[in-house]
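Every heavy atom of this structure was used, including side-chain atoms; hydrogens, water molecules and symmetry mates were not.
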Amino acid sequence: MNQKKKTIINRKNLLVALFYMVTAAILFLAFFLTGKDENFVGPIWKILFIFLAPLILRLFVYIFLGPWYSVAMAIKDARLSRERKNYTPRVSLLLPAWNEEVGIIPTIQSALESDYRNLEIIVINDGSTDNTDSLVRQFIARNVKRIRESGKSIVYEYKTNGGKAKALNRGITLSSGDIIITIDADCILEPSAISNFVKRFRDPKVMCVAGNIMVGNTNTLLGIVQFFEYLFSFYLKKVDSLLNTIYIVGGAAAAYRRSVFEQFGYFSADTITEDIDLSIRIQDAGMKIEFAADAVVYTEGATDLGGLLKQRLRWKRGRIDTFWKYRYLFFSTKKRHNKLFTCVVLPFSVYSELELFLEVYIVGLFIMHLILSHNFSGFLIGLAILAFLFYLILSSPCNRKHFGPNVKYIFVGWMLFYIAIFVEYNALVKSIVGFMKKDEIRWQCWKRKGVFGE
């Protein structure tokens, strides 16, 4: 390990120690401060409780239902293994690339190392101005024998820059697979990821599958924040999968039946989040979307705060634009629509954004309550719930290998989430302003270092 990496790790460990000191100080105050008369602060607590009650209820529902995902999938897989034993359809893996010289070759290599053989890899270079083109061409030329022996094939095309959606659409026209998988050109596939994607399609009702995206570059505090963000987000997708209420299938790990594109058209080029747009279209049609927790794809999280802020701004703005475009879905009672999705999940998503928008005031009220009342019960309950949730997620089957290195964050994870909340709050405010002004959002760009931070 070089000196630079040691310095980064030491700095991260120092921050973790600081987080523990802050948490310990609050716990000390909670146990040793004498409570005050709460008559004058009671209304503050009631306001907080009433406003946060829906979010707390949702959290408990997801905590309760999450573990049932593994049970339901095991039962379903056992049945489908008997009914469709030799299901090995042709799979087309699309890799859109724009200036991805740092990560494109490891991404292609991980695809070649997949244990699924009936696979074609399609790389669409969307007008890169860096060394991406020569790297891909040289890799293919040097590995002709290896590609042939793997039973797979690689198709490569360079096109003029037109955006990710158009690159993906070109990939679809070049593809021949019955199942089309998209991943970003800065991702690494686990060897079994594609096989596990395909398993979900043994159910003929499943039209789209969301993969399990994990952040690979966790050698910095910012990387750890994103790592846990993704872990929590995709743990919640387990419950959404059970309820068929998934409406965001990230393009970094997504799989579709070809018939989805034949029936509803390709990715929309008039939106900055083409993956969310297509996910909503599939839900609009009343089709089934599942989550494959064992289809693991590692991605490179933003390496600096500026890059992270730009990324989340694009995601948030894209989500707002998509909600507005498909606003007729909210509270829809049409027969084809999942009522849990239209009447609960979508409205609650907007409510969550409202809570985020008021987060500064909520935190302020909470701190005021602690100071004035010396009543730390709310903090202690929240800390216990979050610690349990951290443990539950890290100890789940697909995440157990990450438990050891990250167990130290269980009791200070609440501070990591305040960093994430700051990023999301910034994105929300700028997205609302941009939406009102109809400003355009450009694709984010940061200095790439590789999925695992090499």
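No donor-acceptor distance shorter than 3.5 angstrom exists from the side chain of E120 to the backbone of V155, with no hydrogens or angles considered. Using modelled atom types, no side-chain atom of N399 and backbone atom of H402 make a donor-acceptor pair closer than 3.5 Å. In this structure, the side chain of T107 engages the main chain of C187 through a donor-acceptor pair within 3.5 Å. Not one N or O on the side chain of R258 forms a donor-acceptor pair closer than 3.5 Å with the backbone of I179. The closest donor-acceptor contact from the side chain of R327 to the backbone of W324 lies under 3.5 Å. Side-chain atoms of Q283 come within 3.5 Å of backbone atoms of N244 as a donor-acceptor pair (strictly under, hydrogens ignored). A donor-acceptor pair under 3.5 Å is formed between the side chain of N169 and the backbone N or O of A165. Side-chain atoms of Y69 come within 3.5 Å of backbone N or O of F291 as a donor-acceptor pair. S175 places no side-chain N or O within donor-acceptor distance of the main-chain N or O of G177, the cut-off being under 3.5 Å. A donor-acceptor pair under 3.5 Å is absent between the side-chain atoms of K164 and the main chain of G251, judged by distance alone.
Counting non-hydrogen atoms of other residues, nucleotides and ligands closer than 6.0 Å to CZ of F435 gives a total above 12. No more than 12 heavy-atom neighbours from other residues, nucleotides or ligands sit within 6.0 angstrom of CZ on F60. Annotation for Y328: atom OH counts as buried by contact number, over 12 foreign heavy atoms lying within 6.0 Å.
The closest side-chain heavy-atom distance from D186 to V102 is not below 4.5 Å. Residues T88 and Y116 have side chains in contact (heavy-atom distance under 4.5 Å, counting atoms from C-beta outward). Counting heavy atoms from C-beta outward, L80 and E83 have side chains that approach closer than 4.5 Å. Looking at heavy atoms from C-beta onward, R90 lies in side-chain contact with S176 at the 4.5 angstrom threshold. Taking the side chain as every heavy atom from C-beta outward, V136 and N125 never approach each other to under 4.5 Å. I393 is not listed as a side-chain neighbour of F228, based on a closest heavy-atom distance of 4.5 Å or more. Residues D115 and S192 meet the side-chain proximity criterion, which asks for heavy atoms closer than 4.5 Å. No side-chain heavy atom of E113 sits under 4.5 Å from any side-chain heavy atom of L189.
Side chains of R317 and T273: a donor-acceptor N/O pair is absent below 3.5 angstrom, by distance only. No side-chain donor from either of Y425 and R312 sits under 3.5 Å from a side-chain acceptor of the other. Counting only N and O atoms by type, the side chains of Y247 and S349 include a donor and acceptor under 3.5 Å apart. Side chain to side chain, H337 and T342 fail the donor-acceptor criterion of an N or O pair below 3.5 Å.
Rounding to the nearest 0.5 Å gives a distance of 5.5 Å between CG of L55 and OG of S352. Expressed to the nearest 0.5 Å, how far CG of N118 lies from OG of S153 amounts to 9.0 Å. Rounded to the nearest 0.5 Å, atoms CD1 (I154) and CD1 (I122) are 11.0 Å apart. In this structure, CG in D321 is found 11.0 Å from NZ in K438, a value given to the nearest 0.5 Å. In this structure, CG on L329 lies 4.5 Å from CG on D284, to the nearest 0.5 angstrom. Rounded to the nearest 0.5 Å, atoms CG (L168) and NZ (K166) are 13.0 Å apart.
Annotation for V209 and V249: closest pair O-CG1, 3.9 Å, computed over non-hydrogen atoms. Listed here is the closest heavy atom pair of P96 and I183: CD-O, 3.4 Å. Across all non-hydrogen atoms, the minimal contact from E100 to D130 is N-OD2, 3.4 Å. Between A252 and I213, the shortest heavy-atom distance links the atoms CB-CD1, 3.7 Å. Considering all non-hydrogen atoms of both residues, F197 and A254 come closest at CZ-N, 4.1 Å. Minimum heavy-atom separation, T303 to N217: CG2-ND2, 3.9 Å.
A cation-pi geometry, defined here as NZ or CZ lying under 6.0 Å from the six-membered ring centre and within 45° of its normal, holds between K237 and F234.
The pair E190-K401 counts as a salt bridge, with a side-chain nitrogen and a carboxylate oxygen less than 4.0 angstrom apart. The pair R84-D203 does not count as a salt bridge, with every side-chain nitrogen at least 4.0 angstrom from each carboxylate oxygen. Comment: R257 does not engage D178 in a salt bridge, judged by the lack of any side-chain N to carboxylate O separation of less than 4.0 angstrom.
Residue pairs satisfying the salt bridge (Lys or Arg N to Asp or Glu O under 4.0 Å) criterion with at least one member in residues 286-298, sequence neighbours excluded, are listed as follows: K76-E290, K199-D294, R200-E290.
Here the two rings, on F323 and F330, have centers that are under 6.0 Å apart.
Residues forming a salt bridge (charged side-chain N to carboxylate O under 4.0 Å, His left out) with D275 (at least two apart in sequence, or on another chain): none. Residues forming a salt bridge (charged side-chain N to carboxylate O under 4.0 Å, His left out) with K339 (at least two apart in sequence, or on another chain): none.
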*Using the side-chain contact (heavy atoms from CB on, under 4.5 Å) rule, take S268 and L278 through it: C-alpha gap first, then chi angles, then the decisive distance, then the call.*
CA-CA 7 Å; S268 174; L278 182 57; over 6 Å; no
*asked:* Using side-chain contact (heavy atoms from CB on, under 4.5 Å), reason through C208 and I289 one step at a time and then give a plain yes or no.
replied: CA-CA 5 Å; C208 175; I289 301 176; 4.0 Å; yes
*Verdict with reasoning, R170 to T173, per side chain to side chain donor-acceptor pair (under 3.5 Å)*: CA-CA 5 Å; R170 178 55 183 162; T173 62; 3.3 Å; yes
*Test side-chain contact (heavy atoms from CB on, under 4.5 Å) on I246 and S241 and set out the steps.*
CA-CA 6 Å; I246 295 175; S241 184; 4.0 Å; yes
*List the steps, then state whether side-chain contact (heavy atoms from CB on, under 4.5 Å) holds for M207 with Q263.*
CA-CA 11 Å; M207 303 304 289; Q263 188 171 349; 5.5 Å; no
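Just one of F227, Y409, F232, F411 meets the ring pair (Phe, Tyr, Trp, His ring centres under 6.0 Å) condition when paired with F390; it is F232.
Ring pair Y418/W414 is perpendicular by interplanar angle, where above 60° counts as perpendicular and below 30° as parallel.
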